[in-house]
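For reference, the structure is listed below as structure tokens.
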Amino acid sequence: MTNNVQIIASARNWIEQSAIDQLHRTAQLEGIERAVGLPDLHAGRGIPIGAAFWSSTHAHPHLIGNDIGCGMALWQTDINAGKFKLDRAVKKLTGLDQPWAGNQISALEQAGLPLHLAGEALGTIGGGNHFAEFQKVEAIIDDERFTQMGLDKSLLFLLVHSGSRGLGHAVQEDHTRRFNAEGLNIASDAFAHYLTRHDQAMTWARLNRDIIANRFLAKLGADAELKLDIFHNSLTRHRDGWLHRKGAAPADKGPIVIPGSRGSMTYLVCPRPENADVALHSLAHGAGRKWPRSSAKARLGRKVTLAELERTALGGRVLCEDNQLIFEEAPQAYKDIETVVSDLEEAGLITVIAVLRPVITYKTRRK
DNA sequence: ATGTCC
């Protein structure tokens, strides 16, 4: 065991031992002074997900992983949630896995990115846990903050979860090719080089979410206002050092959303600054996986049909024509979001502003 | 997670 590790979780929150082991192991990497596991902590490929790491001397790119800049953007659309026609919307959401037909050069220019970062993936969701989801307001818990954010409970929301696609992957691969899983001294040229490319991947990922949202909105003839865009895979400057977040949202960038699975609610929450340091100014980014991807299909196997997976217990529709992915991302494969949120509340890290209910979860229409 | 392994 290591004494620089903190896990934010109550007794009723089940966290697999392998994830805890991974957290302790990664906390021993060169220069890591503190490590925090959030309530959605779960095992990854050597690196746990739902964790934050701080060092004043070293950066460890492989702690961030390949999806640099992955995050969640929440949009308030101008669609009246009560009048929203589900079946009609489902019919209109086509062609969204194809390359974006818009002007990449001008989009990259406006984002301040070099033009060689154009590519077919820009404006597409990707795979894994990425999605675009329409949601309606289920409950308002903090009326004052809800109003302060300019939110309207009668409107439909769009949550986009995506990242830097092939770009972050390439940045990560280049680092691994040169340094394997080694960390970088923050005084080194190699770190400066990584950071430049990391920051580009962050900006690219945010632009990607922006374009994705606009493509979805255009299909429905809707307009929308961006309410938040929050990274959960990032390396950022923090207190004379560097903070690595792997599946961890920042607690110092205003309200964030913590979605459960497609079959559970999304929580819009406000970070509480008083106790933020306990968790390295970081928060959970989701429910966390209960089952590894590799076993989800076998576990659900004959218990559920594809048709059943296309509808959730909350009445939401799931657009996922990838028959493997629809199993991997089944609600059963995820932990309870309610436990994650209540653990953060009990730790004094957040207050809940509102609860959002998924209406359409778009994954992919590519077979 | 991946211009996704052949």
Side-chain angles (χ1 to χ4, degrees), chain A residues 19 22 26 40-51 60-73 95-102 104-105 107-108 113-132 160-177 181 194 197-198 200-202 204-209 211-212 215 230-235 244-249 259 261-262 285-289 291-297 320-329 333-334 362-367:
Chain A
Q22 285 185 346
T26 46
D40 59 337
L41 184 73
H42 60 284
R45 305 181 30 170
I47 309 298
I49 299 148
H60 288 270
H62 78 296
L63 288 179
I64 311 302
N66 63 322
D67 197 1
I68 300 161
C70 188
M72 312 259 183
L96 292 158
D97 298 290
Q98 303 336 118
W100 178 50
Q104 288 211 17
I105 298 306
L108 289 163
L113 288 168
L115 304 186
H116 71 265
L117 297 184
E120 289 203 329
L122 186 63
T124 61
I125 295 173
N129 56 2
H130 292 170
F131 61 80
V160 175
H161 176 198
S162 188
S164 55
R165 313 285 276 103
L167 175 58
H169 187 68
V171 173
Q172 170 76 351
E173 259 193 342
D174 288 350
H175 169 77
T176 306
R177 202 173 295 121
Y194 172 78
R197 298 195 70 198
H198 163 282
Q200 284 179 348
M202 295 271 279
W204 197 102
R206 180 165 277 176
L207 174 63
N208 190 36
R209 290 188 285 273
I211 295 171
I212 291 166
R215 291 182 77 182
I230 296 289
F231 298 114
H232 53 231
N233 291 345
S234 67
L235 177 62
H244 308 66
R245 290 189 177 106
K246 173 63 173 175
S261 72
R262 66 196 184 210
H285 81 311
R289 292 195 73 87
W291 300 342
R293 282 180 190 285
S294 50
S295 74
K297 191 161 189 178
C320 183
E321 295 180 16
D322 178 330
N323 291 348
Q324 180 69 29
L325 186 59
I326 198 169
F327 277 94
E328 290 178 3
E329 291 291 307
Y334 281 88
Y362 185 103
K363 297 288 289 178
T364 179
R365 289 197 126 162
R366 197 167 278 172
K367 308 252 180 209

To the nearest Å, give me how far apart [atom1] ([X]) and [atom2] ([N]) are.
| X | N | atom1 | atom2 | value |
| --- | --- | --- | --- | --- |
| A:D97 | B:dT2 | CG | C1' | 15 Å |
| A:I125 | B:dT4 | CD1 | C1' | 16 Å |
| A:W100 | B:dG3 | CH2 | P | 18 Å |
| A:N233 | B:dT2 | CG | P | 11 Å |
| A:R45 | B:dT2 | CZ | P | 13 Å |
| A:H169 | B:dG3 | NE2 | P | 7 Å |
| A:I68 | B:dT2 | CD1 | P | 12 Å |
| A:R293 | B:dT2 | CZ | C1' | 12 Å |

Remember a base hit wins even if backbone is also touched, and classify [X] as base, sugar-phosphate or nothing at under 4.0 Å, heavy atoms.
| X | answer |
| --- | --- |
| A:G168 | nothing |
| A:R366 | nothing |
| A:G166 | sugar-phosphate |
| A:G128 | sugar-phosphate |
| A:R165 | sugar-phosphate |
| A:G127 | sugar-phosphate |

Is it true that A:Y362 and A:D97 share a donor-acceptor pair across their side chains at a distance under 3.5 Å?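 On atom types as modelled, these side chains qualify, holding a pair under 3.5 Å.
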Residues, nucleotides or ligands: over 12 heavy atoms within 6.0 Å of A:E120 CD: no
Side-chain donor or acceptor of A:H130 paired with backbone N/O of A:S162 under 3.5 Å: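 No: the side chain of A:H130 does not pair with the backbone of A:S162.
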Testing A:N208, A:T124, A:N66 one by one against A:R165 for a side-chain hydrogen bond (donor to acceptor under 3.5 Å, both in side chains), which residue passes? A:T124
Do A:E321 and A:K363 meet the salt-bridge criterion of a basic N to acidic O distance under 4.0 Å? no
